[in-house]
Amino acid sequence: MIETKGLRKSFRSRQGREKKSVDAVRGVDLVVAEGEIFGFLGPNGAGKTTTLRMLATLIEPDGGEANIAGVDLRTNPGEVRRRIGYVAQGGSTWDESTAREELVLHARMYGLSKAEAQQRAVRALAAFQLTEYADRKCKTYSGGQRRRVDIALGIIHEPKIVFLDEPTTGLDPQSRAHMWDEIRRLRAEGMTVFITTHYLDEADALCDRIAIMDHGEVVAEGTPAELKREISGDVVLVAIEGSAPEAAGKVLETEPYVTRLEATDDGGLRLYVNDGARDMPQILRALDAAGITLSSIELHRPSLDDVFLTKTGRSLRES
Amino acid sequence: MKFARDTWLIFQRQFLLLVRQPVWLFVGIFQPVMYLLLFAPLLKPALQASSNAEAYRIFVPGLLVLLAIFGGLFQGFGLIAELRAGVIERSRVTPVSRLALLLGRSLRDVVSLIAQAIIITLLALAFGLSVFIGDLLLAYLMLALIALMTSALSYGIALVVKSEDALAPLMNTIAQPVLLLSGILLPLNFAPGWLQGIADWNPFSWAVDGARALFAGDLGNDAVWQGLSVMAVITALAVVWAAREFARSVR
Ligand SMILES: Nc1ncnc2c1ncn2[C@@H]1O[C@H](COP(=O)(O)OP(=O)(O)OP(=O)(O)O)[C@@H](O)[C@H]1O
Ligand SMILES: [Mg+2]
């Protein structure tokens, strides 16, 4: 449904006197299949929005190619627009309009007749539980209600693909769960959904496939399960009583079953091992022999954060 | 066809939002009425006009041109608010005509300006102004061109600078010399030659001369067709340029 090759974009920006060039996206290759929820996971400034804006015809790529729903992005952006919906990160509604007015106008901008647009608006309002507020000005909506209007606008013309830029940022847990259901419903209706997020749990639970993005590049791509499986073994988190983790690190470094070892922010250690259940007693024994006392030890299956960490050397949680 | 429909769509939306804010209507009419009531009486002796009617015949067209220029030039602020709200970006992902995004907005500005002009004309008529309907309609055409031009320019510049902080001083800088050198409030007949020479380079001074000739009932005066042509050409250029900015603007 979407295929990109070497998509690039850099921005020139001015910092005081100096002119600087920011390589926001540096060569993105992606394949998104029809009918899937594809997630773009990455920290702030990774280039997610820039990539989406290129695919949605809002900015022109500096290089590379993209084919969207069978149409070439560079040569035929007008046709691409007809087939996609796009919901911006920062919202898209006007304070003084009502949700119904916004929906009808937006549908009509896609060429629908007035009657058809009004019908679609009624349906979209119901689907997103907005009927009750439909004729109130947007400035009176809560953040979550307003976000739902944004999403409804993005799909009012029933596009083949919809791009949702951080659809759940700023929503409370309940509204987020609702939004996930709504996004799954879009998939059930046959739409291809491309979302960006920096929530690990969202990428994990909602997306069929994800691409992890950092510094303008895709560093990993696959289903959440595949990506996690790539990190073979388990993760053991160790917190040490009193002393700094260096001493414990020295001891465990030389143990043969530890494949990788890192200090965590809160003064503990993160160990990657092949088989947590078997190796944990050995870790305890080794530390005990060295006279180091633990305050806690936990065993984890690897998370997407561990994937991000092994690919970039940083944790997504802290960035 | 699609273009006309799109323009109408955008125009309807913008117009609805405008009339929903009655405060604009009030401000837009209150100010010119004050000019008419308080400033015009000073003018009769200054213009050495023989009657009130003659003073209004010189003053009213200038006032209307002034309103058209300013009414248009400050429309960009509304667009920056729309940019910030994401409304423009939302429009730009749809296949809607980019020229319609501009024209729908500018035509709203033209319509509100003409409404304002009609009210002022009616008031001035009550004070003793007299003008032929045909001449008046041509003068309104001139005003419509001016409002279309200045609002398109303002929208285009707003899309380039993207911030109120930059737009405000820019618009003031443009408006000031335009205003001083067009003979809008007072004709430049009595100005020294060098000042008149500069004013010849100010397109709006052509527009004012044309409008004054029309209000004087002097349809055959060269100033009429010259003023209209100068305005038409510059308006076309402004519209083409601003529509391009709508097509290309980033964020
Ligand atoms: N119009 C612009 N001009 C200059 N720099 C820009 C522009 N847009 C984006 N950038 C820069 O490009 C980089 C990528 O930005 P982008 O918005 O794509 O990140 P993101 O992954 O969406 O981040 P976030 O999670 O914060 O939304 C950033 O360094 C940003 O500062
Ligand atoms: Mg973003």
Side-chain angles (χ1 to χ4, degrees), chain A residues 9 11-13 24 49-50 52-60 76-98 101-114 117 137-139 146-147 149-150 153-154 156-157 159 161-163 165, chain B residues 1-25 77-105 108 159-163 166 243-251:
Chain A
K9 181 80 197 176
F11 292 106
R12 255 185 295 278
S13 64
T49 298
T50 306
L52 241 60
R53 283 165 54 80
M54 284 193 278
L55 295 177
T57 75
L58 287 167
I59 47 178
E60 225 176 297
N76 204 350
E79 201 48 47
V80 170
R81 285 185 196 118
R82 250 172 264 280
R83 294 165 193 230
I84 63 162
Y86 170 77
V87 177
Q89 183 172 356
S92 59
T93 47
W94 185 241
D95 274 354
E96 302 296 327
S97 297
T98 70
E101 286 167 353
E102 293 289 51
L103 286 164
V104 171
L105 171 75
H106 204 62
R108 297 199 69 197
M109 289 212 266
Y110 280 99
L112 296 177
S113 73
K114 192 168 180 179
K137 287 185 182 175
C138 289
K139 66 178 169 195
R146 208 158 172 165
R147 200 66 185 137
V149 180
D150 288 332
L153 284 167
I156 188 84
H157 57 298
I161 303 171
V162 63
F163 296 96
D165 201 353
Chain B
M1 185 56 213
K2 171 179 182 294
F3 159 70
R5 174 192 177 279
D6 286 354
T7 306
W8 177 239
L9 197 62
I10 304 297
F11 170 81
Q12 272 180 311
R13 141 91 166 202
Q14 297 297 329
F15 194 74
L16 185 77
L17 291 174
L18 181 74
V19 295
R20 218 179 259 174
Q21 298 273 13
V23 66
W24 282 112
L25 233 57
F77 288 99
L79 188 68
I80 287 174
E82 286 191 279
L83 271 177
R84 201 156 286 146
V87 176
I88 302 302
E89 179 148 302
R90 183 184 109 201
S91 310
R92 295 203 316 116
V93 287
T94 73
V96 77
S97 151
R98 312 288 123 143
L99 182 56
L101 287 178
L102 169 74
L103 273 187
R105 287 180 170 77
R108 186 265 323 258
L159 288 173
V160 173
V161 301
K162 299 180 192 78
S163 106
R244 276 206 189 152
E245 287 303 320
F246 263 95
R248 134 198 128 81
S249 76
V250 175
R251 219 161 265 208

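Every chain is numbered from 1, with letters handed out A, B, ... down the list of sequences. Computed from heavy atoms alone, side chains included, the values below leave out hydrogens, waters and symmetry copies.
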Open item on the list: Let me confirm one number: the CD-CD distance from A:Glu101 to B:Gln12, rounded to the nearest 0.5 Å.
Closed with: 11.5 Å
Open item on the list: Could you measure the distance from the CZ atom of B:Arg92 to the CZ atom of A:Arg53? Nearest 0.5 Å is fine.
Closed with: 7.0 Å
Task: Taking every non-hydrogen atom, the tightest pair across B:Val93 and A:Tyr110 - done: O-OH, 3.8 Å
- [ ] Please lay out, stage by stage, how B:Arg20 and A:Lys137 fare under the test side-chain contact (heavy atoms from CB on, under 4.5 Å).
- [x] CA-CA 12 Å; B:Arg20 218 179 259 174; A:Lys137 287 185 182 175; 4.2 Å; yes
Task: Segment of B:Leu9 engaging chain A (4.5 angstrom heavy-atom cut-off) - done: both
TODO: Name the option with the most non-hydrogen atom pairs under 4.5 Å to chain B; the candidates are A:Gly111, A:Gly78, A:Ala56, A:Gly90.
DONE: A:Gly111
TODO: Considering non-hydrogen atoms only, spot the tightest contact between A:Trp94 and B:Gly78 and give its length.
DONE: CH2-O, 4.4 Å
Open item on the list: For the CG atom of A:Leu58 and the CD1 atom of B:Ile88, what is their distance to the nearest 0.5 Å?
Closed with: 12.0 Å
Open item on the list: Using heavy-atom distances under 4.5 Å, tell me whether B:Ala100 contacts chain A through its side chain, its backbone, both, or neither.
Closed with: neither
Open item on the list: So which residue, A:Arg108, A:Glu60, A:Lys114, A:Glu79, ends up with the most heavy-atom pairs under 4.5 Å with chain B?
Closed with: A:Arg108
Task: Contacting moiety of B:Glu82, where chain A heavy atoms sit under 4.5 Å - done: both
Open item on the list: Are more than 12 heavy atoms, taken from residues, nucleotides or ligands other than B:Phe15, located less than 6.0 Å from that residue's CZ atom?
Closed with: no
- [ ] Would you mind reporting whether A:Met109 and B:Ile10 have side-chain heavy atoms less than 4.5 Å apart?
- [x] yes
Open item on the list: Give me the atom names and distance for the closest heavy-atom approach of A:Thr93 to B:Arg90.
Closed with: CA-NH1, 4.1 Å
Task: Toward chain A, the part of B:Arg84 with a non-hydrogen atom under 4.5 Å - done: neither
Task: Interchain contact, A:Leu153 with chain B, by part (heavy-atom threshold 4.5 Å) - done: side chain
Task: Atom pair NE2/OG1 of A:His157 and B:Thr94 - distance to nearest 0.5 Å - done: 8.5 Å
TODO: Identify which part of B:Ser91 has an atom lying under 4.5 Å from any heavy atom of chain A, answering side chain, backbone, both or neither.
DONE: both
TODO: Determine yes or no for a side-chain-to-main-chain donor-acceptor pair under 3.5 angstrom, with A:Arg82 supplying the side chain and B:Pro95 the backbone.
DONE: no
